[in-house]
Amino acid sequence: MEASTVLKLNGLAKRFGSILANDDVTIHLQKGEVLALLGENGAGKTTLMNMLFGHYLPDSGNIEIRGVNGDLVPLELGNPSAALASGIGMVHQHFTLAENITAFDNITLGAEPLFSLRRNQRKAEKKINNIMSNSGLDAPLDIPVGRLSVGERQRVEILKALYRDAHILVLDEPTAVLTPQEADALFSNLRRMTNHGLSVIFITHKMREVLSFSDRLVVLRQGKNVGSMETSNASEKKIARLMVGSETQKVSPKRITPGGPILSLNDVSVAGRSKRDSLQNISLILKSHEILGIAGISGNGQNVLADLISGLASPDKGSILLKGVAIQNINPLNMIKLGFGRIPEDRHRQGIVGGLSVSENMVIERLDDPLIQNFGFLRSSVINDNAQTLSEKYDVRGPGIDQASRLLSGGNIQKLILARVFEQQPEIILANQPTRGLDMGAASDVQRHLIEARDRGGGVILISEDLDEILGLADRIVVMRDGNLNDVNSSSREAIGLMMAGESV
Amino acid sequence: MIDILNILLTDSFWAASLRIATPLIFGVLGALICERSGTLNLGIEGIFVVGAMCGWMATWLGAGLWGGILVAFLCGAFFGLIHALLTVPLGLSQHVSGLGITLFATSISYFTYRTALPDVSSPPRIEPFQPLDIPILSDLPFIGLVLFQQTALTWLALIMVLLVWYVLNRTNLGLAIKAVGDNPNSVDAQGLSVYAIRMWAIVIGSALMALGGAFLTMSAFDAFFFGMVNGRGWVCIALVIFASWRPGKALIGALLFGAFDALQVRLQTEMGALVPGQVFLMAPYVLSIVALVIAARSADYPRALLTPWYKGQR
Amino acid sequence: MIRIEPREKISNSSTIFIPIIAAIVSLLFAAIPIISAGANPLIAYVEMAKGVFGSVFAVSEMLTRATPLIFTGLAAAIAFRAKLWNIGAEGQLYLGAIAAVTVGSGFFDLPAIFLLPLIIVLGACAGAVGMVAPTYLKVRFGADEVVTTLLLNFIIIIFLQMLLEGPLQDPMGLGWPQSAPILDQGMFPPLIDRMRVHSGLILAVILAVIAHFMIKHSVWGFKLRAVGENSSAAKHAGININRSLFGVALLSGGLAGLAGVSEVAGLKGYLTADLSPGFGYAGIVVAMLAGLSPIGVIIASVFIASVFVGADSMSRAMGISSFLADLVVSVSLLCVLVGGFIAKFKIVRAGTGTRFYD
């Protein structure tokens with residue numbers, strides 16, 4: 001099998017300060033193979049692939065790649081041009097596309113020398129058309145990328161790699177932005193290409209995808225390669241044990257009877273630049289003792305809904321009723337006072353003020369609370385004691401409550417936000433992608449808090465693009481698509497997946 | 001009203017408009033290039049001063065007019081390089097760096113001028129660029145005066161508009177500049193150097209800005225005065241936004257501004273008694289603010305403007 | 001291959017050392033232009049020092065020069081903390097001066113105990129007015145306040161010239177474009193006999209101390225810091241961004257207006273179009289040198305004032321252009337910028353460094 005090895009990562013290691021992100025990782029890739037690189041959030045998968053593509057320089061180890069004459073040659077490390085020239089293409093998790101130029105421009109960017117007087121458009125067009133027909137991937141080439149859908153953009157990213165004659169394609173969490181049906185289509189296209197000699201590595205944290213789409217899998221845990229197996233020999237249990245190191249305790253709430261309605265949105269519309277930036281006559285009822293799951297791919301209006309409930313946007317039509325009474329002033333402060341607890345999607349941009357300390361961020365939503373301030377002056381000792389108590393209670397770990405909160409890890413920032421929100425015993429909780437980017441342990445903590453809030457009598461709106469999370473936690477599910485909310489009749493993945501894609505069941 | 005219309009119909013008015021617009025054309029093009037690549041260059045006011053002083057002085061010391069232009073160009077590039085080093089690899093505040101460059105460039109120009117020419121009661125003069133005299137074309141009615149009796153620098157400015165348009169929209173370099181100003185990661189992932197593209201854009205843009213200043217001392221006037229730039233650099237920053245970062249619209253904006261400025265000089269002589277002259281002096285700055293407000297929420301705003309990018313940060 | 005990574009902890013002492021080192025470096029840098037002007041830098045430094053510390057008069061001159069810088073420095077520091085780039089202090093200074101002269105040169109005939117406070121309050125209000133339009137345009141239209149405040153400076157100065165040749169012109173001024181003088185009871189009392197330093201300095205220092213306290217310990221200061229650091233998160237947390245920004249804007253404009261009041265009602269006594277040799281812009285450098293700290297502003301103002309006064313004196317003694325002062329001040333700004341970078345980041349050889357969490 002040596003003859004068909006196209007890539008060897010040998011003993012790669014990478015350290016960031018005190019954290020060893022990758023520890024002596026060795027992986028081989030065979031020609032025409034679809035290899036899944038699996039691990040929890042934070043296990044070191046993206047770091048490893050970034051070293052492959054040249055964004056990071058490894059501390060030790062080397063990479064060998066199959067050259068033009070079929071032999072394995074060393075790859076120049078830390079240099080994306082060298083990686084591209086050697087035939088490695090990468091589709092990053094956050095797309096590396098310029099939205100103000102066309103797909104054609106993005107694909108050809110950097111392929112020709114910078115200082116030529118004219119661009120050779122016809123030759124490039126021909127090559128791209130060839131690639132599109134061979135691979136089955138299709139995307140509009142002549143409109144600015146900013147106007148393409150997420151699925152189209154991903155296809156542009158892949159075309160970009162193929163245009164540079166990549167024979168090894170790395171995809172980082174490719175299905176995070178796709179419906180189940182789109183994910184199937186993507187992998188069947190990839191399979192077509194692997195039959196013609198392309199080798200694929202895809203990074204994921206979802207076991208289900210690994211089992212459905214890969215030939216072989218490698219598991220990373222805490223930066224180390226802890227095991228690999230042929231997918232045909234794999235099972236969820238085996239993989240999970242490798243990923244976490246022990247039996248997983250899945251969080252599964254007891255079903256309890258919901259109470260009466262506490263929040264309702266009646267025929268609410270919010271205008272936006274496109275359907276997906278708006279809400280189209282939606283109606284929603286949230287009951288106490290209930291977790292309402294809003295499924296759907298990000299970018300279908302979830303953020304508008306979240307902004308609405310957070311108080312950052314108000315309805316152009318329709319009304320929001322809290323326990324039967326319409327909310328008059330929709331702004332963040334008022335929503336907080338009315339008992340809304342909000343866990344925002346983007347922790348860094350909306351959740352915390354990075355430069356303020358942990359204790360300051362803990363009280364930022366309660367600045368007119370007489371416990372926190374006295375005639376407009378802050379009570380420092382109260383604020384610090386509060387932070388100390390909450391940090392212990394919610395296990396927020398970091399360099400210190402008086403240190404800048406941007407120094408905390410993602411999981412701890414989320415716990416800070418939870419502490420801030422849950423201590424106020426909110427009646428309605430909006431959790432927007434609350435476990436995104438967190439490792440399993442932190443994710444379970446978050447989910448546990450949501451369930452506790454529900455058990456205590458609160459109503460939880462859970463917006464998540466992780467369908468498994470919704471299926472596991474939600475008492476009731478609705479699907480968001482193009483600014484519309486639709487009830488779900490069955491709880492099968494396929495049915496919900498179809499609704500996410502906009503097809504009726 | 002009739003007076004205004006009469007003025008608008010004269011060829012000398014339009015010739016003056018183009019002449020007044022010339023330094024602004026250079027400035028707006030220079031700022032446009034910097035901002036398209038993601039960097040705001042508030043050093044423009046100081047770089048105008050540098051271009052004015054260095055270009056003039058080089059000519060006065062014997063380098064000739066085009067020698068002076070070359071010196072101005074290089075001096076602008078030099079100060080642009082400082083701003084580029086501070087804002088691109090070091091990622092420092094573009095606002096503060098730009099203001100620092102303006103203060104630095106202005107003070108170094110004033111100091112150098114005063115030290116070289118310590119006791120002059122009236123500033124020494126050079127022989128400035130003369131209006132071109134092109135056979136046949138210069139004698140055409142109306143357009144002969146407006147277009148074909150301008151100085152070589154005005155022609156250079158107009159050529160620059162075409163050149164910048166061509167590079168931005170028809171070459172790979174322009175593509176890279178547009179991409180790096182929207183999402184630097186897109187450029188990095190294709191194996192190009194974000195730092196190099198951004199820094200060169202700032203250096204070339206700043207060199208162009210300096211030409212705007214040089215026009216003031218080598219064509220519009222023939223000597224260097226303290227305070228002669230008088231906010232033109234800031235006006236260019238406002239006009240870039242008005243131009244939606246496009247060279248064609250930049251030319252239109254500069255011309256509009258030049259027209260208004262030419263109009264106010266003529267209106268002052270007509271209406272001088274009724275309205276204090278200062279109202280007309282204020283008008284250009286007010287106009288710039290208005291232009292800025294109109295175009296402020298433009299969709300063409302380079303997305304990566306003002307955001308530093310660090311290699312290896314993912 | 002080297003890489004730039006953020007330091008885990010920014011040492012507190014660096015916030016004090018950086019400006020000091022920046023100041024020293026900028027003074028040392030001055031040797032280059034001094035030498036190229038044909039003079040001996042050591043003698044030049046001595047002359048500068050004499051001009052600042054050499055006599056009670058020299059120190060008084062330096063403090064007099066520092067007074068408006070404290071006001072404009074505070075104006076910039078407070079605004080920049082909220083990421084509100086007020087570059088219009090120069091114009092707001094003149095608005096304050098215009099108000100002072102309008103009110104104080106005979107419009108009201110009041111005893112000192114009423115007239116001076118009235119001048120102060122109205123001068124501050126006039127300066128604050130100068131920030132209303134730029135802030136409104138920023139909040140409503142997204143218009144960059146850097147450009148609008150800058151352009152407004154030019155507009156205000158032209159407006160001032162219009163006033164000085166018109167309604168504000170001193171009828172007994174022999175036709176010069178200057179205002180009537182402020183009544184004696186409207187002037188800041190001097191601090192030392194026969195010296196020019198006046199009690200405007202006391203007002204400036206008091207305001208700096210109040211500002212320091214408010215920013216650190218008040219809810220208002222908390223909101224200011226939050227809005228300046230991350231306005232999205234501040235908004236999400238229920239802080240009213242626009243109210244905070246307007247409050248900061250008015251305060252900043254008011255402080256800059258007080259610089260004008262202090263110059264006209266403390267020093268010169270009447271208003272001309274060249275009242276300010278760039279105090280507004282120098283205030284920005286003061287604020288940056290001070291690390292945006294109000295107490296630091298006091299110290300930085302003393303430094304910048306010393307540079308200007310020392311350079312003036314040295315210029316008269318040695319014939320070197322006094323633009324040297326502007327040069328030193330601008331270099332100190334660039335040094336502070338670079339210094340701030342060195343404090344926050346470290347250059348590491350590839351392979352080590354701090355991870356960006358998430």
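Every chain is numbered from 1, with letters handed out A, B, ... down the list of sequences.
- Contact annotation for C/V329: neither backbone nor side-chain heavy atoms come within less than 4.5 Å of a heavy atom of chain B.
- The line from CG of B/L306 to CG of C/D144 is 7.5 Å long, rounded to the nearest 0.5 Å.
- Shortest non-hydrogen contact noted between C/F154 and B/E45 is CZ-OE2, 4.5 Å.
- Distance check: B/I294 CD1 to C/F141 CZ gives 9.5 Å after rounding to the nearest 0.5 Å.
- Of all non-hydrogen atoms in B/T115 and C/A37, the two that sit nearest each other are CG2-CB, 3.6 Å.
- Most heavy-atom pairs under 4.5 Å with chain B: of the set C/F159, C/W85, C/Y281, this distinction falls to C/W85.
- Looking at B/F226, the atoms closer than 4.5 Å to chain C (heavy atoms on both sides) all sit in the side chain, from C-beta outward.
- The shortest non-hydrogen separation linking B/S97 to C/L334 is O-CD2, 4.3 Å.
- Rounded to the nearest 0.5 Å, atoms CG (C/L150) and CG (B/L99) are 7.0 Å apart.
- With sequence neighbours excluded, the residues that form a side-chain contact (heavy atoms from CB on, under 4.5 Å) with B/L92 are B/L86, B/L90, C/L337, C/F341.
- Proximity to chain C among residues 285-293 of chain B is limited to B/Y285, B/V286, B/S288, B/I289, B/L292, B/V293, judged by heavy-atom separations below 4.5 angstrom.
- To the nearest 0.5 Å, atoms NE2 (B/H95) and CD1 (C/I284) are separated by 11.0 Å.
- When each of C/L327, C/V331, C/D326, C/L333 is scored by its heavy-atom pairs under 4.5 Å with chain B, the top score falls to C/L327.
- Residue C/I156 does not touch chain B at all, counting heavy-atom pairs closer than 4.5 Å.
- Atom CZ of B/F111 has more than 12 heavy atoms from other residues, nucleotides or ligands within 6.0 Å.
- Residue C/F80 does not touch chain B at all, counting heavy-atom pairs closer than 4.5 Å.
- Both the backbone and the side chain of C/V338 come within contact range of chain B, each with at least one heavy atom under 4.5 Å from a heavy atom of that chain.
- Chain B forms more heavy-atom pairs under 4.5 Å with one residue of C/I155, C/I157, C/V328 than with any other, namely C/I155.
- Both the backbone and the side chain of C/M162 have a heavy atom closer than 4.5 Å to some heavy atom of chain B.
- Of the listed residues C/S330, C/P33, C/G278, the one with more heavy-atom pairs under 4.5 angstrom with chain B than any other is C/S330.
- Both the backbone and the side chain of C/I158 come within contact range of chain B, each with at least one heavy atom under 4.5 Å from a heavy atom of that chain.
- Both the backbone and the side chain of C/L151 come within contact range of chain B, each with at least one heavy atom under 4.5 Å from a heavy atom of that chain.
- With respect to chain C, the highest number of heavy-atom pairs below 4.5 Å among B/L42, B/V96, B/T112 belongs to B/V96.
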